[in-house]
2 protein chains.
Amino acid sequence: MKRNKKDRQSTLKETIEAKPFITDDALAKIFDVSIQTIRLDRMELNIPELRERIKSVATNNWNETVKALPIDEVIGEIIDLELDRRAISILDITAEHVFSRNNIARGHHLFAQANSLAVAVINDELALTANASIKFTRQVVEGERVIAKASVAGTEKTNRTVVEVHSYVDNETVFSGVFAMFRSNQEKEGNES
Amino acid sequence: MKRNKKDRQSTLKETIEAKPFITDDALAKIFDVSIQTIRLDRMELNIPELRERIKSVATNNWNETVKALPIDEVIGEIIDLELDRRAISILDITAEHVFSRNNIARGHHLFAQANSLAVAVINDELALTANASIKFTRQVVEGERVIAKASVAGTEKTNRTVVEVHSYVDNETVFSGVFAMFRSNQEKEGNES
DNA sequence: TAAAAATTATGACTAGGTACTAATAGTAAT
DNA sequence: ATTACTATTAGTACCTAGTCATAATTTTTA
């Protein structure tokens, strides 16, 4: 089944991620295109050749000793902040954020970035996430820079503030979430210690 | 370091076992013999060529992780796991997990525990979170032990598996979430023409 | 319809081999 | 000394799964 380029490329990516031991030739047959098209696709998607993929699978598990990866302060860097209105942060995805097997960023890092941004945008000493509805729209891989933009959508009846966060890589949405934040004081009055 | 054949071959075997990513060329230089000698040696010792060695390292580890994620990629400690059915993990909240101001655990740690448990319970080589709906029902403070219980709720139309996770402190619910997990290994064939 | 994008084709080259043949060097036995 | 044998080295053709560059063709879009 011939599909368009974008469609094919995203499926291709998934196919290779799911089955990294497949050759270009086999892929060409699956997608019913020439082997050159597959290679162009790989080039555009920055997917290395078969042998490199095999090698990376092998080496990743080879250094199994160096894997602990704690999640201390994986919040990203806040580069813009207007309290109770909006905030922006950047998180560069590095090796410590991804699954060793496929280089895809683990969901909780994207969540952590968004969630901590939602906390930061609240002009209050005590802001906690009450609940959230989130969506991972596209996988993020090592080397990509995730830009999270939070905007305060409004306040619910109870002392909850709703914050919408959208995260992008190259203007493409990778994550979005709506966070209902619990806050102790309303608005900007509370500044006791 | 020229030695006799037997000596060289046993050392060769050890060398390759210790460092399977070495080429015949490099081995020839190490043992100060020709590349053909190395190849004869490999043949006699039934040692496959470099690429096959790499591949076998890769597939070995791949198979290890087919059934479940490596435990150290899970946030919290998994104490019970029945693939595609349920899983339980424990996370002790320490100083590194809390806001310094109020000792309340940061949301993303609870999320990370639940999310990685949802990934681990999936009986697939590649499981990713597609979206999630989560709720923080009670604050967790330093010193408390969070027990997360995941149960596979079922599979949606597309290759998504729904996992419900409830986290408790002393039988009190502190977090709950429904995770829609994307899984790769559904063998979607039939892409003809 | 012309321009742009996507695809396919082609050739030259590479790494890291296999498989095979042949030549050479050293040693041991007769 | 000749023969037999082992170990080593050399060289060729071929293989897979690619890269890189260029060009031609097809398809899509403005």
Side-chain angles (χ1 to χ4, degrees), chain A residues 1-62 101-103 138 141-143 169-172, chain B residues 1-63 125 191-193:
Chain A
M1 150 193 353
K2 291 245 191 189
R3 358 149 90 98
N4 63 37
K5 192 183 178 183
K6 204 158 193 174
D7 204 6
R8 185 191 59 235
Q9 286 195 343
S10 72
T11 315
L12 179 76
K13 201 171 178 182
E14 287 167 18
T15 306
I16 293 178
E17 269 158 15
K19 210 180 163 189
F21 292 54
I22 194 166
T23 63
D24 288 357
D25 194 60
L27 288 164
K29 271 155 196 158
I30 287 174
F31 290 97
D32 194 22
V33 294
S34 72
I35 202 167
Q36 290 81 358
T37 301
I38 296 293
R39 284 169 181 168
L40 279 171
D41 285 349
R42 274 200 302 101
M43 222 168 288
E44 286 174 21
L45 297 168
N46 279 320
I47 297 172
E49 64 164 289
L50 170 66
R51 288 156 189 153
E52 294 307 313
R53 294 196 302 267
I54 293 177
K55 204 188 291 182
S56 97
V57 169
T59 50
N60 277 343
N61 299 357
W62 216 43
R101 273 204 319 285
N102 49 33
N103 277 355
R138 132 147 145 49
V141 298
E142 185 174 350
V169 171
D170 293 330
N171 288 323
E172 198 178 348
Chain B
M1 49 154 144
K2 288 244 191 193
R3 2 151 89 96
N4 62 39
K5 191 183 178 184
K6 206 158 194 173
D7 204 4
R8 185 192 58 235
Q9 286 195 345
S10 74
T11 316
L12 180 74
K13 198 172 179 179
E14 287 166 20
T15 306
I16 292 178
E17 266 158 16
K19 211 180 161 188
F21 294 65
I22 194 166
T23 63
D24 287 358
D25 194 60
L27 288 164
K29 272 156 195 157
I30 287 173
F31 290 96
D32 194 20
V33 293
S34 72
I35 202 167
Q36 287 81 359
T37 301
I38 296 294
R39 284 170 181 168
L40 279 172
D41 285 349
R42 274 202 299 105
M43 224 167 286
E44 286 174 21
L45 296 168
N46 278 319
I47 297 172
E49 63 163 290
L50 170 65
R51 290 156 190 150
E52 294 307 313
R53 294 197 302 267
I54 293 177
K55 203 189 290 184
S56 98
V57 169
T59 48
N60 281 344
N61 294 349
W62 187 264
N63 289 339
E125 40 194 323
N191 282 340
E192 310 306 334
S193 178

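This one's a predicted model, so the numbers in the text were calculated from it and none came from an experiment. Chain naming here is simple, since letters A, B, ... match the order of the sequence lines and numbering starts at 1 in each.
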Interatomic distance, B:Ile30 atom CD1 to B:Arg8 atom CZ [nearest 0.5 angstrom]: 13.0 Å
How close or far is atom C1' of C:dA5 from atom CD of A:Gln9, stated in whole angstroms? 12 Å
Heavy atoms under 4.0 Å is the rule here; annotate nucleotides 22-30 of chain D 5' to 3' with B where the base is hit, S where only the sugar-phosphate is, and - elsewhere. ---------
In whole angstroms, how far is the C1' atom of C:dT7 from the CD atom of A:Glu44? 11 Å
Report the distance from atom CG of A:Leu40 to atom C1' of C:dA9, rounded to the nearest whole Å. 12 Å
Nearest-0.5 Å distance, CE of residue A:Met43 to CD of residue A:Gln36: 10.5 Å
May I have the distance from A:Arg8 (atom CZ) to C:dA5 (atom P), rounded to whole angstrom? 16 Å
How does each nucleotide of nucleotides 22-27 of chain C score, in 5' to 3' order, for protein heavy atoms under 4.0 Å: base (B), sugar-phosphate only (S), or none (-)? ------
Interatomic distance, CD1@A:Ile38 vs NZ@A:Lys29, rounded to 0.5 Å, equals 11.5 Å
How far does CZ of A:Arg51 sit from OG1 of A:Thr23, to the nearest 0.5 angstrom? 10.5 Å
Report the distance from atom CD1 of B:Ile38 to atom C1' of D:dT9, rounded to the nearest whole Å. 12 Å
Residues A:Asp41, A:Phe31; criterion side-chain contact (heavy atoms from CB on, under 4.5 Å); working and verdict: CA-CA 12 Å; A:Asp41 285 349; A:Phe31 290 97; over 6 Å; no
C:dT7 phosphate, OP1 or OP2: any side-chain N/O from A:Thr37 under 4.0 angstrom? no
Does the pair A:Leu27 and A:Ile16 meet the rule for a side-chain contact (heavy atoms from CB on, under 4.5 Å), with working shown? CA-CA 9 Å; A:Leu27 288 164; A:Ile16 293 178; 3.8 Å; yes
Compare every heavy atom of A:Asp24 with every heavy atom of A:Ile35, then report the nearest pair and how far apart it is. CG1-CB, 3.7 Å
Atom pair CG (B:Leu40) and NZ (B:Lys5), whose distance is rounded to the nearest 0.5 Å: 7.5 Å
Return the value, rounded to whole Å, for the distance between atom CG of A:Asp41 and atom C1' of D:dG18. 16 Å
So, B:Arg53 side chain and B:Ile22 main chain: donor-acceptor pair closer than 3.5 Å or not? yes
Given protein heavy atoms under 4.0 Å, the one-letter contact record of nucleotides 10-21 of chain C, with B base, S sugar-phosphate only and - none, is simply B----BBBB---
In whole Å, I'd like the distance from the CG atom of B:Asp7 to the C1' atom of D:dA7. 15 Å
